[in-house]
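Scope of the values below: all heavy atoms of this structure, side chains included, with no hydrogens, waters or symmetry mates.
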Amino acid sequence: MGMFSEIATEATIQAIVAEIKKELTENQDKPDAVAALKKLGRFALTQFEWSPPDWAREYQELFRE
């Protein structure tokens with residue numbers, strides 16, 4: 001169950017951060033929205049059971065303050 005849970009968690013986080021990335025693009029002219037979306041993205045990336053996978057690096061840079 002542990003491995004399945006970890007894979008499901010990773011897939012869920014990947015879907016969430018992809019949606020946040022899309023929203024960042026659509027709301028790039030709204031600084032308050034961008035700040036809130038980046039904060040949510042940073043939070044999402046803390047939800048891995050272990051260290052973030054390699055694909056998460058792109059999002060860590062994107063969601064940086």
Side-chain angles (χ1 to χ4, degrees):
M1 172 113 162
M3 182 63 132
F4 177 74
S5 172
E6 195 172 319
I7 292 169
T9 298
E10 182 175 338
T12 300
I13 294 168
Q14 196 166 24
I16 291 168
V17 295
E19 182 65 22
I20 292 170
K21 181 179 180 180
K22 183 181 89 117
E23 289 295 326
L24 280 170
T25 301
E26 292 174 4
N27 291 284
Q28 60 188 332
D29 60 334
K30 299 173 184 161
D32 289 342
V34 168
L37 288 163
K38 286 184 175 189
K39 185 175 183 178
L40 287 171
R42 288 191 301 274
F43 174 75
L45 292 175
T46 68
Q47 300 306 300
F48 294 106
E49 293 179 38
W50 308 107
S51 59
D54 290 340
W55 62 259
R57 285 192 186 108
E58 168 195 352
Y59 293 102
Q60 288 170 328
E61 291 297 317
L62 180 65
F63 300 151
R64 187 169 281 161
E65 285 187 79

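Side-chain contact between I20 and Y59 is absent, with no heavy atoms from C-beta onward closer than 4.5 Å. Inter-residue side-chain proximity for E65 and R42 is flagged as met; some heavy-atom pair is nearer than 4.5 Å. With contacts defined as side-chain heavy-atom distances shorter than 4.5 Å, the pair F63/L24 qualifies. Looking only at side-chain heavy atoms (C-beta outward), P53 and E10 come within less than 4.5 Å of each other.
Every ring pair (Phe, Tyr, Trp, His ring centres under 6.0 Å) that F48 has, sequence neighbours left out, goes to W55.
Distance check: L37 CG to Q28 CD gives 12.0 Å after rounding to the nearest 0.5 Å. Here the CD atom belonging to E61 is positioned 4.0 Å from the CZ atom belonging to R64, to the nearest 0.5 angstrom.
Sorted by first and then second residue, the pairs that involve residues 15-33 and meet salt bridge (charged side-chain N to carboxylate O under 4.0 Å, His left out), not counting sequence neighbours, are E19-K22, K21-E58, K22-E26.
For the residue pair A44 and V17, the shortest heavy atom distance occurs at CB-CG1, 3.9 Å. Between E49 and T9, the shortest heavy-atom distance links the atoms OE2-OG1, 3.7 Å.
Connection of F43 to V34 is not established within any shared hydrophobic cluster, with ILVMFWY side chains joined at heavy-atom distances below 4.5 Å, either directly or through further cluster members.
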